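In what follows, a single structure is set out as structure tokens and then discussed.
Just so you know, these numbers use all the heavy atoms, side chains as well, and skip hydrogens, waters and symmetry mates. Quick note: residue numbers are just sequence positions, from 1. As the structure is a prediction and not an experimental result, all values here were calculated from the model.
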Amino acid sequence: STLFPYTTLFRSVGAMFLILASVTVARVVTSIGPEFAETGIFARDFFQPIYLGTSALMSLLATVGFMLVAMNRLRVQLEQQSLADPLTGLLNRRAFLNAHRQEREKMMRTGGLLSLLLIDLDHFKAINDTYGHVKGDEILVDFSKRAAGMLTRHHHFARWGGEEFAALVIGARPEEVFDLAEALRSRIALNDNPSLPAYTCSIGIACTASGDATIE
């Protein structure tokens with residue numbers, strides 16, 4: 001079942017505490033006086049059942065509210081983890097396919113261009129065989145950070161699998177996409193991290209203005 005949004009939950013819990021505080025203040029006010037000198041807030045008058053009942057109900061509802069907030073936060077975290085590559089933090093293939101579907105549907109309604117970059121780290125098996133898989137993972141993380149720094153927030157960037165990555169570029173002309181790919185390839189070839197072995201990447205480009213084109 002769909003849980004309440006965060007704002008609704010927080011407002012509901014806040015309203016519960018406000019009601020509880022108001023009733024408590026009212027109870028204190030009604031218990032001030034000489035006739036309540038000994039019993040005070042525990043006086044057995046007409047207001048006591050209201051005070052006790054409201055306190056019990058609001059405490060229960062507040063507990064349920066906190067549980068819903070915790071469950072909602074856990075759900076959000078699990079959703080984020082299910083859409084992210086655990087090593088690089090980029091989108092995973094599932095999230096990338098969802099992004100492509102949404103962008104293609106938008107393109108079918110409004111027109112425009114949609115471009116796909118498929119990026120492969122060159123001779124990555126040789127790197128793993130020579131330097132080990134730990135160093136290979138460090139290269140994947142390094143590439144992800146440097147490449148992500150060149151892709152604007154309007155693009156979708158994902159680890160497609162292994163040493164393959166994919167980027168979805170929205171609305172750019174083919175020559176602009178080519179320039180972006182060439183700039184990315186040149187940037188990666190600089191190898192400005194002395195703790196890592198030199199590595200390069202190759203990039204394939206596909207551009208389409210047709211909403212019928214699948215990602216395959």
Please say whether more than 12 non-hydrogen atoms of neighbouring residues, nucleotides or ligands are located less than 6.0 Å from CZ in Phe124.
->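 It does: Phe124 CZ has more than 12 such atoms within range.
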Just how far is it from atom [atom1] of [X] to atom [atom2] of [Y], taken to the nearest 0.5 Å?
X	Y	atom1	atom2	answer
Glu103	Met107	CD	CE	9.5 Å
Asp85	Trp160	CG	CH2	13.0 Å
His155	Ile170	NE2	CD1	8.0 Å
Leu117	His156	CG	NE2	12.5 Å
Ile139	Ile127	CD1	CD1	4.5 Å

When you compare the side chain of [Y] with that of [X], does any pair of heavy atoms fall below 4.5 Å?
X	Y	answer
Asp120	Glu163	yes
Pro174	Ile205	no
Val169	Leu113	no
Leu87	Val141	yes
His100	Leu114	yes

With a 3.5 Å cut-off and no angle check, do the side chains of Asp122 and Ser202 form a donor-acceptor pair?
->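 Side-chain D/A pair, Asp122 to Ser202: present.
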Among all residues two or more places apart in sequence or in another chain, which pass the side chain to side chain contact (heavy atoms under 4.5 Å, CB included) test with Arg101?
->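 Counting only residues at least two positions away or on another chain, Arg101 forms a side chain to side chain contact (heavy atoms under 4.5 Å, CB included) with Asn98, Glu105.
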Is [X] reaching over with its side chain to a backbone N or O of [Y], donor-acceptor style, under 3.5 angstrom?
X	Y	result
Arg187	Arg146	no
Asp142	Leu140	no
Lys135	Ser195	yes

Ring geometry between Phe143 and Tyr199 (parallel below 30°, tilted from 30 to 60°, perpendicular above 60°) =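 Perpendicular.
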Are Leu90 and Ile188 grouped together when hydrophobic residues (ILVMFWY) are joined by side-chain heavy atoms under 4.5 angstrom apart?
->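 Cluster IDs for Leu90 and Ile188 match.
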For Lys145, salt bridge (charged side-chain N to carboxylate O under 4.0 Å, His left out) partners two or more places apart |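 Result, salt bridge (charged side-chain N to carboxylate O under 4.0 Å, His left out) vs Lys145: none returned.
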Could you walk me through whether Leu116 and Phe96 pass side chain to side chain contact (heavy atoms under 4.5 Å, CB included), step by step?
-> CA-CA 11 Å; Leu116 175 69; Phe96 190 76; 3.7 Å; yes
